[in-house]
Amino acid sequence: MAAVSQTLPLATAPAATLSAAARASVRPATERLTDSHGRTIHDLRVSITDRCNYKCVYCRTGEFGAQYSELPIEDYLHIIRLFVGLGINKVRLTGGEPLLRRGLIELVQELSTLRTVNGQPLDLALTTNGHLLASMAMPLKAAGLHRVTVSMDAVDAPTFERITRVPGSFDKVLAGVRAAREAGLGPVKINCVLLRGFNDDQVESFAHFARQEDVVVRFIEFMPLEEGRLWTPEIVVPLKEIVARIGSVLPLIQLTPREASETARRYGFADGRGEIGIIAPVTQAFCGACSRVRLTSDGKIRTCLFSQSEHDLYGRMHAGASDAELRAYIHSAIQGKEARHHIGEPGFLKPSRSMVHIGG
C-alpha cells in the first residue's frame with residue numbers, strides 16, 4: 001500500500017466560523033437521559049468523520065473508503081450541546097480518524113467552554129490511530145482536550161505495519177504516543193485488539209511497553225464489528241488468558257473500578273509501577289451498567305454498538321425541528337436502548353455498520 005495520501009484535509013486546516021445558532025446556549029433539560037432499564041446515560045461518543053488513513057485488517061477490507069457523510073463542525077457542536085443539556089458529562093471524539101477532520105481544534109475549543117448540568121467542565125477525550133498525533137498533541141491540549149486513547153495493535157514495527165497496511169506507521173504512532181504523554185494528555189491509553197494467531201504473541205511485550213512508556217495498555221476482545229465479517233469465537237483471546245499470561249511474567253493485582261459503568265477491568269502491576277486494562281465484551285459483558293450512546297458521522301444516534309436500527313437526529317435537525325423537539329427525540333431514542341448485546345448466542349445479528357463507520 002502506498003504511503004498515506006496527502007490529499008486528505010488535516011485537522012489543522014482552518015474551520016469556518018461557527019454560527020451564532022450553533023453557539024447559542026441550549027436550555028438544560030429537567031430530566032436527564034435514563035433508559036427503560038434504569039441506566040443513566042452520561043457518556044457520548046461522537047464520530048466526526050468516516051474517513052481513515054489506515055486499513056487495519058481486523059477492521060476494514062481495504063476495498064472501500066468512507067461510506068457515510070460528515071456534518072459541518074457547527075452542527076456537531078449544536079447536537080453535543082443538546083446532549084450536554086440532557087446530562088451528558090463526558091464526550092469522546094472518534095472516527096474514522098478524527099485527526100483528519102478540518103476544524104477539530106476549533107471544535108475542542110468550543111467544547112471546552114461547555115458546562116454540564118452540574119456546572120462542571122465536560123470530560124473531553126479523543127480516540128485516534130496516532131499517525132498525525134505527534135504534531136497535534138500540543139495544539140489539542142492547548143484547545144482544552146483532557147486525554148487521548150491511541151489504537152495500537154502491536155509493539156514491533158513489522159507486525160504493526162502488517163496490521164495497518166501503511167509503511168512507516170509504527171514509528172509515526174510511537175512518536176504520537178510520546179508526544180501526547182509529554183503534552184499532558186494523560187493518562188495516555190493504548191487500545192490493542194487481539195486476534196488469535198495474528199497478534200496475540202504481543203501480549204507480554206505490551207505489558208512491558210506499558211511500564212517502559214508510562215501508558216495504560218488496554219486489551220480488547222475481538223468483536224464482530226469488522227467489514228470483512230471474519231469473526232468467530234475461536235479468534236477471541238479471552239480476559240482470563242490475558243491475565244494469566246501477563247501474570248506469569250509480571251504479577252498483577254486487580255484494581256477497584258472507578259465507576260460502575262467502567263468498560264475495562266483494571267489491573268496494576270504488583271510492584272506498583274503501571275497499569276493494564278482488559279475490555280471483555282465477549283466473555284464478560286458489561287452491558288448492565290452501560291452509560292454510553294453514540295452519534296455517527298452523519299448524525300445518527302446509535303444506542304449500542306450492535307444496534308440493528310439508527311435514529312436520524314440530524315435529519316430532523318436539518319428539517320427544522322426545534323431544540324425542544326430534538327431533545328424529546330433523543331429521550332425517545334434512549335428509552336429504546338437495548339438491554340444487552342447477544343454476541344455468540346444463536347440468532348445473533350451483526351450490526352448494520354462496521355466499527356469504523358459507527359465510531360468508537
What do the steps show when you test His331 against Leu33 for side-chain contact (heavy atoms from CB on, under 4.5 Å), and what is the final call?
-> CA-CA 6 Å; His331 269 293; Leu33 293 174; 3.7 Å; yes
Group every Ile, Leu, Val, Met, Phe, Trp and Tyr by side-chain heavy-atom contacts under 4.5 Å, then state whether Leu71 and Leu77 land in the same group.
-> yes
Val150 and Val215: side-chain contact (heavy atoms from CB on, under 4.5 Å), yes or no, with the steps?
-> CA-CA 10 Å; Val150 179; Val215 296; over 6 Å; no
Determine yes or no for a side-chain-to-main-chain donor-acceptor pair under 3.5 angstrom, with Lys55 supplying the side chain and Arg165 the backbone.
-> no
Identify which one of Ile79, Thr94, Val91 satisfies the side-chain contact (heavy atoms from CB on, under 4.5 Å) criterion when paired with Leu295.
-> Ile79
Sub-3.5 Å donor-acceptor pair from the side chain of Arg39 to the main-chain atoms of Arg292, do we have one?
-> no
Spell out, as yes or no, whether a donor-acceptor pair under 3.5 Å connects the side chain of Asn129 to the backbone of His131.
-> yes
Donor-acceptor contact present, side-chain Asn199 to main-chain Asp153, <3.5 Å = yes
Atom pair CZ/OG of Arg92 and Ser47 - distance to nearest 0.5 Å = 13.0 Å
Donor-acceptor contact below 3.5 Å, side chain Arg273 vs main chain Ala270 | no
Salt bridge (charged side-chain N to carboxylate O under 4.0 Å, His left out) involving Glu70 - partner list, sequence neighbours excluded = Arg51, Arg101
Stepwise side-chain contact (heavy atoms from CB on, under 4.5 Å) test for Arg196 and Glu234 | CA-CA 7 Å; Arg196 176 86 60 197; Glu234 292 73 28; over 6 Å; no
Do Leu111 and Val84 share a hydrophobic cluster (ILVMFWY, side-chain heavy atoms under 4.5 Å, transitive)?
-> yes
Do Asp156 and Gln202 come within less than 4.5 Å of each other through their side chains, counting heavy atoms only?
-> yes
Answer yes or no: is there a donor N or O on one side and an acceptor on the other, between the side chain of Gln335 and the main chain of Thr34, under 3.5 Å?
-> yes
Arg245/Glu241 salt bridge by N-O under 4.0 Å criterion = yes
Salt bridge Arg181-Glu213, side-chain N to carboxylate O under 4.0 Å | yes
Full working for side-chain hydrogen bond (donor to acceptor under 3.5 Å, both in side chains) between Glu97 and Thr49 | CA-CA 7 Å; Glu97 173 44 49; Thr49 182; over 6 Å; no
Residues in side-chain hydrogen bond (donor to acceptor under 3.5 Å, both in side chains) contact with Arg211, at least two apart in sequence or another chain | Asp271
Does Ser291 use its side chain to pair, donor to acceptor, with the backbone of Thr40 at less than 3.5 Å?
-> no
Find out whether Leu114 and Arg81 are in side-chain contact, i.e. whether some heavy atom of one side chain is under 4.5 Å from a heavy atom of the other.
-> yes
side-chain hydrogen bond (donor to acceptor under 3.5 Å, both in side chains) against Ser322, all qualifying residues, sequence neighbours excluded = Glu325
Side-chain touch Phe209/Met152, heavy atoms, less than 4.5 angstrom = yes
Spacing of CZ belonging to Arg266 relative to CZ belonging to Arg218, to within rounding of 0.5 Å = 11.0 Å
Out of curiosity, Thr164 OG1 to Phe170 CZ, how far, rounded to the nearest 0.5 Å?
-> 11.0 Å
Close side-chain approach of Arg147 to Asp123, heavy-atom, < 4.5 Å = yes
For the residue pair Arg294 and Ser307, establish whether any side-chain heavy-atom pair is separated by less than 4.5 Å.
-> no
Can a donor-acceptor pair be found between the side chains of Asp298 and Thr296 at a distance below 3.5 Å?
-> yes
Measure the spacing between CD1 of Ile80 and CD of Glu110 and express it to the nearest 0.5 Å.
-> 11.0 Å
Centre of Phe198's six-membered ring, under 6.0 Å away, within 45 degrees of the axis: is that where NZ or CZ of Arg162 sits?
-> yes
Answer yes or no: is there a donor N or O on one side and an acceptor on the other, between the side chain of His146 and the main chain of Leu124, under 3.5 Å?
-> yes
Could you walk me through whether Ile330 and Leu313 pass the side-chain contact (heavy atoms from CB on, under 4.5 Å) check?
-> CA-CA 8 Å; Ile330 293 170; Leu313 180 64; 3.9 Å; yes
Can you tell me if NZ on Lys90 sees more than 12 non-hydrogen neighbours from other groups inside 6.0 Å?
-> yes
If only atom types and distance count, is the side chain of Asp50 paired as donor or acceptor with the main-chain N or O of Ser297 below 3.5 Å?
-> no
ILVMFWY cluster, Leu145 and Met138 together (side-chain gap under 4.5 Å) = no
Within a reach of under 6.0 Å around NE2 of His318, are more than 12 heavy atoms found that belong to other residues, nucleotides or ligands?
-> no
Same cluster (ILVMFWY, side-chain, under 4.5 Å), Val293 and Leu82 = yes
Nearest heavy-atom contact between Ala179 and Leu133 is CB-O, 4.4 Å
Side-chain heavy atoms of Ile246 within contact of Phe219, under 4.5 Å | yes
Under a 4.5 Å cut-off applied to non-hydrogen side-chain atoms, are Val237 and Ile242 in contact?
-> yes
Roughly how far apart are Ser69 OG and Tyr314 OH, rounded to 0.5 Å?
-> 8.0 Å
With side chains defined as the heavy atoms from C-beta onward, is the minimum distance between Thr127 and Ser151 less than 4.5 Å?
-> yes
Rounded distance [0.5 Å steps], CZ in Phe222 versus CG in Leu195 = 4.5 Å
Can you get from Leu250 to Leu252 by hopping between Ile, Leu, Val, Met, Phe, Trp and Tyr side chains that sit under 4.5 Å apart?
-> yes
